[in-house]
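Below is one structure, written out as structure tokens; comments come after it.
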There are 2 protein chains.
Amino acid sequence: MRMQEEITTLAKKVCDRIVKDIITGTIAQGQKLNEPELARIHGISRGPLREAMSRLESMRLITRTPNIGARVVNLSYEELLEIYQIRESLEGLAAKLAAKAMTVEEKGNLRLLLNSHRKHILDTQGQSYFQQEGDVDFHYCIVHGSKNKRLIDMLAGDLYQLVRMYRYQFSLSSNRPQQALKEHDQICSAIEEGDEDLAEWLMKRHINNARNNIMQRMQIQSPIQDGNTQ
Amino acid sequence: MRMQEEITTLAKKVCDRIVKDIITGTIAQGQKLNEPELARIHGISRGPLREAMSRLESMRLITRTPNIGARVVNLSYEELLEIYQIRESLEGLAAKLAAKAMTVEEKGNLRLLLNSHRKHILDTQGQSYFQQEGDVDFHYCIVHGSKNKRLIDMLAGDLYQLVRMYRYQFSLSSNRPQQALKEHDQICSAIEEGDEDLAEWLMKRHINNARNNIMQRMQIQSPIQDGNTQ
DNA sequence: TGATCTAATATTGTAGACAATAATAGCTAT
DNA sequence: ATAGCTATTATTGTCTACAATATTAGATCA
């Protein structure tokens, strides 16, 4: 008796592959997606491919226009701002709920995760890639700790994919690992103590800080390279 | 030169029709959706129908299991609570943003809307149905006033559909129209004055009140009639 | 009688062909 | 030479048919 058979469908598998291609920029921003071509590349027919594209659309990684086709979204400064505004609200809520809903064991795991991050940062002098993934882990953990299924879906689903995409395509790794770690530590403590309001407040400030950091660097770096808009 | 041609596709049209059927309960909670049957009913083939179902899935009105099929979601007390937690956060944010981003004209329209609601409530002694739609209008207006496209999509899209579904199926019309109107009035004033934080705070309290009201009545009324789980 | 296996049926997943719409290239007229 | 129209091509939308999986009903055996 196996639990949760890894049963899946072509559409889902191909969707995942395309998501990856979009996030990494293998398929460029603004690029037109040709159905027969994509189907051929992935070795499936247009039926499941179109279903995959429906999923991509609901994730807002592509936009579709009837009778015309689908294009990969164009990342913009404004949209990233929108995403961070929403994240601040929702992750604040998640932290608040987590402070109340997380079990003792879950809180313990969060602390362990944090300690391993600390060790990592000290060892590697804050090497960026793992730091990023560590950040994702921490937030992921709290979001799940909220026990609000819909909230989990929203944050851990589409929204994080977009955040990853921005980080990838703009090479926006954090340049403040120690500071972020300290903030994580504060949030973790608040959750351990069950201080809901403090956890929420700290999380909102944390994300606000991250936003300021990332926005600032985005402006400096490069004003959005747009893909083939043709 | 017509703007925004009402160009559409079978999948979208049928999707809208099914959404309506699900919200009104014509298709019951938990009911299995049979693809050939649904396709026949709506006079289309399974291709577009499956695309419509993909959309329904992304709205979380149905759940699909590979090789097994799709079922309408089961509404539950817990999920409604989840939705209201999220709404409180996001609509609070929307009100905050709207206080800053709404134009003078938009603020004027919001006030006009409110006045027409007041008149309606006085005239009809708070007749429920229109009051509900009025409530939706008010929130819809503010959400759009936030100018955050993603936030608009989240709130005015899937989430509102679910809220409507709960209201419909549990006959949860507001029994506190005067109170709600007063709260709307306060929110509107805060937005007019550009007081972001107050607007956010008032909106959160407003939704919290609405939640308490609705939850209380849900418990009294009927402990969730479940549809054919078979 | 009840449980388990097996065959029949139904339903979902996928593929390929056709229809309708949009994009393109070439031609005509001014 | 260029603007506008027309024919051609390409792409999306839809339908029908087939394959794979799940469900059901019946038979067999303890």
Side-chain angles (χ1 to χ4, degrees), chain A residues 1-19 21-22 27-28 30-58 60-73 227-230, chain B residues 1-19 21-22 27-28 30-58 60-73 227-230:
Chain A
M1 170 183 171
R2 228 185 312 173
M3 52 184 303
Q4 281 298 90
E5 285 269 356
E6 266 311 325
I7 210 165
T8 187
T9 169
L10 283 185
K12 282 184 183 173
K13 276 189 286 192
V14 170
C15 176
D16 288 344
R17 290 170 62 183
I18 300 178
V19 165
D21 286 345
I22 292 179
I27 306 178
Q31 185 176 322
K32 171 88 191 295
L33 297 181
N34 184 298
E35 291 185 5
E37 187 188 342
L38 263 181
R40 188 179 46 73
I41 289 173
H42 294 94
I44 61 175
S45 83
R46 278 181 58 219
L49 181 90
R50 281 174 65 88
E51 189 168 330
M53 290 179 60
S54 281
R55 291 172 180 278
L56 295 172
E57 188 186 16
S58 81
R60 300 187 48 156
L61 289 177
I62 66 173
T63 56
R64 298 175 97 179
T65 321
N67 290 318
I68 291 179
R71 312 193 85 93
V72 178
V73 293
N228 341 358
T229 1
Q230 171 48 9
Chain B
M1 169 182 172
R2 229 188 308 173
M3 54 184 301
Q4 281 297 91
E5 285 268 356
E6 267 312 327
I7 208 163
T8 188
T9 168
L10 283 186
K12 282 184 183 173
K13 276 188 286 190
V14 170
C15 176
D16 288 344
R17 290 170 61 181
I18 300 178
V19 165
D21 286 345
I22 291 178
I27 306 179
Q31 184 176 320
K32 172 87 190 297
L33 296 182
N34 184 298
E35 291 184 6
E37 187 188 341
L38 263 182
R40 188 178 46 73
I41 289 173
H42 293 95
I44 61 175
S45 85
R46 280 181 56 221
L49 182 89
R50 281 174 64 87
E51 189 169 330
M53 289 178 62
S54 282
R55 290 171 181 278
L56 295 172
E57 188 186 14
S58 81
R60 299 187 50 155
L61 289 177
I62 66 173
T63 57
R64 296 174 100 179
T65 322
N67 291 318
I68 290 178
R71 312 194 83 92
V72 177
V73 293
N228 341 356
T229 0
Q230 171 50 10

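Protein chains get the first letters and strands the later ones, always in sequence-line order, with residue 1 at the start of each.
In terms of heavy atoms, A/Asp21 sits closest to A/His42 at OD2-NE2, 4.4 Å. The heavy-atom pair separating B/Gly69 from B/Lys32 by the smallest distance is CA-CE, 4.0 Å. Residues A/Glu51 and B/Ser54 share a closest heavy-atom pair of CG-OG, 3.5 Å.
The CG atom of A/Leu56 lies 11.0 Å from the OG1 atom of A/Thr63; values are rounded to the nearest 0.5 Å.
Atom-to-atom, CZ of B/Arg40 to P of C/dT11 comes out at 11 Å; the value is rounded to the nearest Å. Atom CG of A/Leu49 is separated from atom C1' of C/dG13 by 14 Å (rounded to the nearest Å).
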Derivation and outcome, side-chain contact (heavy atoms from CB on, under 4.5 Å), residues B/Arg50 and A/Arg50
CA-CA 10 Å; B/Arg50 281 174 64 87; A/Arg50 281 174 65 88; over 6 Å; no
What string of B, S and - do you get for nucleotides 9-22 of chain D 5' to 3' if you count protein non-hydrogen atoms under 4.0 Å?
--SBBBBB----SS
